[in-house]
Amino acid sequence: MRTQVAIIGAGPAGLLLAHLLHLDGIESVVIEARSQHYAENRIRAGVLEHHVVDVLDQTGLGARMHREGLRHEGTGLLFGGKLHRIDFQALVGQSVMVYGQHEVVRDLIAARQAAGAPLLFECADVLVSGFQGGSPEVRFTQGGQAHTLHCDVIAGCDGFHGVCRPALPPGSWRGYDRVYPFGWLGILADAPPSAEELIYANHERGFALCSQRSPTVQRLYLQCAPDEEVEAWSDDRIWSELGTRLACDGFQLRTGRIFQKGVTPMRSYVAEPMQCGRLFLAGDAAHIVPPTGAKGMNSAVADVLLLSRAIGRWYGSGDDAGLEGYSAAALRRIWKVQRFSWWMTTLFHRFDGASDFDRRVQLAELDYVVGSREASAALAENYVGLPLT
Ligand code: RFL
Ligand code: PHB
């Protein structure tokens with residue numbers, strides 16, 4: 001088998017890269033470890049930056065998102081029992097779209113399959129090699145049969161636990177890491193939204209987030225221990241804790257049947273550089289953020305936009321400056337996104353062992369953010385999305 005670009009992983013990064021290359025007339029094969037059903041039903045991110053909405057629009061993927069997604073022109077910040085609004089539209093003239101990551105993935109898979117382009121699910125034993133010399137290749141098995149895919153470029157879009165980052169030669173890269181001493185318990189519930197916009201809550205018992213997915217489904221999160229047992233959280237306990245942490249004037253928590261529960265540990269991580277020879281990492285394979293800034297999937301989109309342009313330039317004119325400069329260009333944005341995600345996390349979470357002084361400084365910072373137009377605008381500018389490239 002031979003292709004131009006071998007893409008490992010059918011998450012948002014891999015699927016969007018395949019789509020962008022296809023529009024540019026460049027062939028690729030997407031190799032995914034899991035099943036199509038799994039990829040289409042994995043519940044994760046929910047907020048799309050305005051540039052990401054534009055990319056989906058401009059590449060023919062926006063129709064369902066505009067029908068079913070929820071446009072948000074601001075967000076709520078709750079602390080000291082009072083709800084404040086950050087008005088994105090008034091402050092920076094932009095908004096975000098609440099549309100589940102798995103819906104984006106479904107739209108991308110449908111486009112790929114409609115184009116009749118190769119997207120291989122349930123591949124095992126994936127191994128990338130040859131990327132430092134002139135003949136990159138990917139070995140894998142599918143349905144018990146061994147395959148070798150020869151290519152010009154390998155895109156490692158296989159997420160944080162994939163095989164591509166560990167395939168970078170030792171000594172050629174390093175990881176920068178911060179692990180937070182808490183996680184998020186996330187739920188999906190059959191209930192109409194409790195609020196028109198998201199609410200990020202700083203409460204002395206810990207962070208809470210009130211988000212949504214549709215007019216009938218809510219997405220909510222609670223700060224918990226990083227290794228929290230989901231079983232320890234009955235539906236009643238979850239609703240009661242959410243009610244406590246989100247309590248404020250005029251807010252009424254709408255409850256309903258909880259049909260999904262999961263715990264996510266929180267971590268910031270960046271691999272530098274994000275490339276070696278003809279192997280390029282994109283999305284969670286190269287970096288992850290704590291979800292407080294809603295940046296993970298958005299960063300994956302930013303990476304593959306850069307990478308697809310660099311690959312297009314290389315095939316178009318033989319100029320490999322974009323490929324050579326890919327990691328440096330991607331990292332400039334990533335570190336700003338890391339900073340914002342770390343800052344939001346630090347601002348809103350309860351840190352065990354924090355002193356009363358620390359707690360007062362945290363509340364003062366929140367008060368400053370909602371009270372200063374400049375500080376509110378800085379939050380809004382980062383939240384709706386820094387320029388993609
Ligand atoms: P993914 O989505 O992890 O996809 C990687 C794909 O690679 C496959 N794979 C392999 N395939 C072949 N061979 C192998 N050896 C392989 N190993 C792995 C995997 O099966 C998978 O299909 O990475 P990608 O594409 O880089 O996308 C990143 C995003 O998924 C992630 O950053 C976001 O979900 C993070 N995130 C959020 N991001 C946002 O932009 N906005 C949000 O509101 C937001 N909220 C969140 C989040 C992540 C969360 N969790 C659960 C981590 C909320 C949560 C709770
Ligand atoms: C979500 O709706 O899943 C969501 C929203 C905002 C975040 C994280 C997750 O910061």
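Start at 1 and go down the list; that is how both ligands and their atoms are numbered.
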Consider every N or O of [X] and every N or O of ligand 1, then say whether any pair is closer than 3.5 Å.
X    : answer
N298 : yes
G283 : no
D284 : yes
A13  : yes
G46  : yes
P12  : yes
I43  : no
W184 : no
A300 : no

Residues [X] and [Y]: side-chain donor-acceptor under 3.5 angstrom:
X    : Y    : answer
S95  : R71  : yes
R106 : N41  : yes
H51  : N298 : no
T389 : R309 : yes

Can you tell me which residue and heavy atom of the protein come closest to [atom], and the distance to 0.1 Å?
atom                    : result
atom 6 (C) of ligand 2  : Y200 OH, 3.2 Å
atom 39 (C) of ligand 1 : M297 N, 3.1 Å
atom 35 (C) of ligand 1 : G296 CA, 3.7 Å
atom 1 (P) of ligand 1  : R44 NH1, 3.4 Å
atom 12 (C) of ligand 1 : A33 N, 3.3 Å
atom 33 (C) of ligand 1 : Q101 OE1, 3.3 Å
atom 47 (C) of ligand 1 : A45 CA, 3.6 Å
atom 4 (O) of ligand 1  : G11 CA, 3.4 Å
atom 8 (C) of ligand 2  : P291 O, 3.4 Å
atom 51 (C) of ligand 1 : T264 OG1, 3.6 Å
atom 4 (C) of ligand 2  : Y221 CE1, 3.8 Å

I'd like to check whether R213 has a polar contact with ligand 2, where a contact means an N/O of the residue lying under 3.5 Å from an N/O of the ligand. yes
Flag S211 as yes when one of its N or O atoms lies below 3.5 Å from any N or O atom of ligand 2, and as no otherwise. yes
Do you know which two heavy atoms are closest between T345 and P290, and how far apart they sit? OG1-CG, 3.3 Å
Which pair of non-hydrogen atoms, one from S299 and one from V337, has the smallest distance, and what is that distance? OG-CG1, 3.6 Å
Should you measure from each heavy atom of R44, which atoms of ligand 2 turn up under 4.0 Å away? 3 (O)
From CD1 (I7) to CG (L149), nearest 0.5 Å: 10.5 Å
Between atom CZ of F207 and atom OH of Y200, what is the distance when rounded to the nearest 0.5 Å? 6.5 Å
The answer for which part of I31 has a heavy atom under 4.0 Å from ligand 1 is backbone
Can you list the ligand 1 atoms lying under 4.0 Å from a non-hydrogen atom of V126? 13 (N)
Could you list which atoms of ligand 1 come closer than 4.0 Å to a heavy atom of R42? 19 (C), 20 (O), 21 (C), 22 (O)
Report yes or no: does a heavy atom of C157 sit under 4.0 Å from some atom of ligand 1? yes
Strictly under 4.0 Å, does any heavy atom of F140 approach an atom of ligand 1? no
